[in-house]
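Presented below is the structure to which this report refers.
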Amino acid sequence: MSLPRLLAYLDDSIAARADLGVGLAAVAAAGPDVAIVVRSPTATASRLSDLAHRAVANARPPGARVLVTGRFDIAMATGADGVILRSGDLPANQVPETLVRLASVHSVHEARAAVAEGAQGLIVGNIWPTASHPGRPGAGIELLRAVAELGVPVYAIGGIDAERAREAVQAGAWGAAAIRAI
């Protein structure tokens, strides 16, 4: 399975919106080049599962993908396409190969470790300052370039807008990941 070019993240504020279904359907309409990322750091497993089911229901008709952050069990149970693993989650080589296995990294060292553990792609950031991590400076485009040299698809995250997404691709990114820009 080829990887999508855009990762559209849900966060707690987006997940709480009354028009969530409309938003999910609109993002999913882009088809297989987009993945909806179910991420809710404060959610219980039950709530995360409910969000994943809803994302899958909206994604299937147009062929968009769904990834679940940190919980491959929920990804499998809901019919999602894959998982995004963070520091402290299971290594990618312990996640079933039927799932897409991406890893979220913040340094070249973390990126190398994730690739060695079997990650199929890397989400690198935050590249630019972002409202989702206030006070954390952006790591810069050089981190993205360095990680891209590892030879697996990479996604830039953090402060993404259309112009920065183009800059990220010019620096070697496969795609971009965003929350509020979408």
Within the 4.5 Å heavy-atom criterion, are [X] and [Y] side-chain neighbours or not?
| X | Y | result |
| --- | --- | --- |
| V105 | I123 | no |
| I84 | Y155 | no |
| V56 | V38 | no |
| D12 | P41 | yes |
| T78 | S49 | yes |
| L24 | R54 | yes |
| L102 | L7 | yes |

Contact summary for [X] and [Y], nearest pair of heavy atoms:
| X | Y | answer |
| --- | --- | --- |
| V34 | A8 | CG2-CB, 4.3 Å |
| N126 | G158 | CB-CA, 3.8 Å |
| A156 | L144 | CB-CD2, 3.9 Å |
| P62 | A59 | CD-O, 3.2 Å |
| L150 | A111 | CD1-CB, 3.6 Å |
| D81 | L67 | C-CD2, 4.3 Å |

Taking [Y] as the starting point, is it possible to reach [X] by hopping between hydrophobic residues whose side chains are less than 4.5 Å apart?
| X | Y | value |
| --- | --- | --- |
| I14 | L6 | yes |
| V100 | V68 | yes |
| L48 | L90 | no |
| L99 | L85 | yes |

So how far is it from [X] [atom1] to [Y] [atom2], rounded to the nearest 0.5 Å?
| X | Y | atom1 | atom2 | result |
| --- | --- | --- | --- | --- |
| D89 | Q94 | CG | CD | 11.5 Å |
| I127 | I160 | CD1 | CD1 | 7.5 Å |
| I36 | R65 | CD1 | CZ | 12.0 Å |
| I179 | L10 | CD1 | CG | 9.0 Å |

Not counting sequence neighbours, list each pair that qualifies as a salt bridge (Lys or Arg N to Asp or Glu O under 4.0 Å) and has a residue in [range].
| range | answer |
| --- | --- |
| residues 93-117 | none |
| residues 125-151 | E142-R145 |
| residues 13-32 | R17-D19 |

For residues 163-174, please give each side-chain donor-acceptor pair under 3.5 Å, one per line with the distance, not counting sequence neighbours.
residue, atom, partner, partner atom, Å
R164, NH1, G159, O, 2.8
W174, NE1, L3, O, 3.3
W174, NE1, P4, O, 3.0

Name all residues meeting the salt bridge (charged side-chain N to carboxylate O under 4.0 Å, His left out) criterion together with D11; count only those two or more places apart in sequence or in a different chain, and write none if there are none.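 In terms of salt bridge (charged side-chain N to carboxylate O under 4.0 Å, His left out), with neighbours along the sequence ignored, D11 is linked to R180.
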
Please set out all donor-acceptor pairs under 3.5 angstrom arising from side-chain atoms of residues 69-76, sequence neighbours excluded.
residue, atom, partner, partner atom, Å
R71, NE, D73, OD1, 3.0
R71, NH2, D73, OD2, 2.7

List the steps and the verdict of side-chain contact (heavy atoms from CB on, under 4.5 Å) for L51 and L20. CA-CA 10 Å; L51 286 171; L20 176 62; 3.9 Å; yes

